[in-house]
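Take a look at this one; I'll ask things after.
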Protein chains: 2
Amino acid sequence: MLTRRKSKVESTPPMCPLSECLAIIGGQWTPNIIWHLSAGPRRFSELKDDVVGVSAKMLTTRLKKLEAEGIVHREVVPSSPPTVEYSLTDLGAELKPAIEAIVDVGHRLKLRRDAKS
Amino acid sequence: MLTRRKSKVESTPPMCPLSECLAIIGGQWTPNIIWHLSAGPRRFSELKDDVVGVSAKMLTTRLKKLEAEGIVHREVVPSSPPTVEYSLTDLGAELKPAIEAIVDVGHRLKLRRDAKS
DNA sequence: CAGTATCCCGATGGATACTG
DNA sequence: CAGTATCCATCGGGATACTG
């Protein structure tokens, strides 16, 4: 039997900075990009290889957005052929715990599913 | 001066269950829905009020998907007018740490930005 | 209350080709 | 190498109206 709900329920968690963070890591590919950058600086083509399936277009789009938001740092190395280093800023590094938590849960979810099938 | 990269870099984290989890919480509104459910069972219209801005269409869509994935439990209370209780399953509860990590980072990000402006 | 059914528009993102 | 430009199909998701 279901217990009757108190009119004010169990109190919803205070207020939600979820969107705040999701606006940053919400975009397609974005978590993957940040995740790969979390291991250290990468060049454009390295990232393109790491983040399997991403197109150059999307990768640039996301990197630009992340750079504008102060999450990643872009450093052009003047050389021929030119290379560009992408890395997480301090601000970007703060996202790591969240990404790791997601990875962790993803792992446990996978285990559960595999166990059931 | 940038240090030269070792050919094998700093080793990318093993393999990525990111997508595993993102496939679940990735959808628009989804994290918010789970977040609100994490405080306890809710009825359809309560959720619709909690998750500000969501349309009935999207809410049903997401809830159906989450139910199919075993993340939320749907319980129809036979009464007039009918009510429906949504709650997190054990599996769904495992997502809470990830959501909380995201909320936490979102909060810190907000603080940083506010400090700068 | 708790949805379902349609219509419909705009953004997302892939493929491809081109450039400094 | 590190992108940019263009074309174009898809589809997420809002508005609205209807139902058991």
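As a basis for the values below, the full set of heavy atoms in this structure was taken, side chains included, without hydrogen atoms, waters or symmetry mates. In this text, all values refer to a predicted model and were calculated from it rather than measured experimentally. Protein chains get the first letters and strands the later ones, always in sequence-line order, with residue 1 at the start of each.
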### Message
With a 3.5 Å distance limit and no angle check, can you tell me whether B:Thr30 reaches the backbone of B:Gly26 through a side-chain donor-acceptor pair?
### Response
no
## Note on the structure
For A:Ser87, the side-chain contact (heavy atoms from CB on, under 4.5 Å) test, sequence neighbours excluded, returns A:Pro41, A:His73
#### Entry: Residues that B:Arg113 engages under side chain to side chain donor-acceptor pair (under 3.5 Å), provided they are two or more places apart
none
### Query
Got a minute to check which stems DNA chain C is part of, using Watson-Crick or G-U wobble pairs under 3.5 Å, three or more consecutive?
C:1-20 with D:1-20
### Task
Please determine which of A:His36, A:Glu75, A:Arg74, A:Glu46 meets the side chain to side chain donor-acceptor pair (under 3.5 Å) test together with A:Tyr86.
A:Arg74
### Message
Under 4.0 Å from OP1 or OP2 of D:dG12: is there any side-chain N or O of B:Gln28 that close?
### Response
no
### Query
What pair of heavy atoms forms the shortest contact from A:Trp35 to A:Val103, and how long is it?
NE1-CG2, 3.8 Å
#### Entry: Check: B:Ser38 side chain, B:Lys96 main-chain N or O, donor-acceptor pair, under 3.5 Å
no
### Protein-to-nucleotide contact annotation, 5' to 3' order, nucleotides 1-8 of chain D [B base; S sugar-phosphate only; - none; under 4.0 Å, heavy atom]
SSSS-BB-
## Note on the structure
Atom CE of B:Met58 and atom P of D:dT16 are separated, to the nearest Å, by 16 Å
### Query
How would you list all residue pairs meeting salt bridge (charged side-chain N to carboxylate O under 4.0 Å, His left out) that involve residues 98-109 of chain B, not counting sequence neighbours?
A:Glu94-B:Arg108, B:Asp104-B:Arg108
## Note on the structure
Atom NZ of A:Lys48 and atom C1' of C:dA15 are separated, to the nearest Å, by 11 Å
### Message
If I take atom NZ in residue B:Lys65 and atom C1' in nucleotide D:dG12, what distance separates them, rounded to the nearest angstrom?
### Response
13 Å
### Task
Tell me, please, which residues at least two apart from A:Lys65 pass salt bridge (Lys or Arg N to Asp or Glu O under 4.0 Å).
A:Glu69
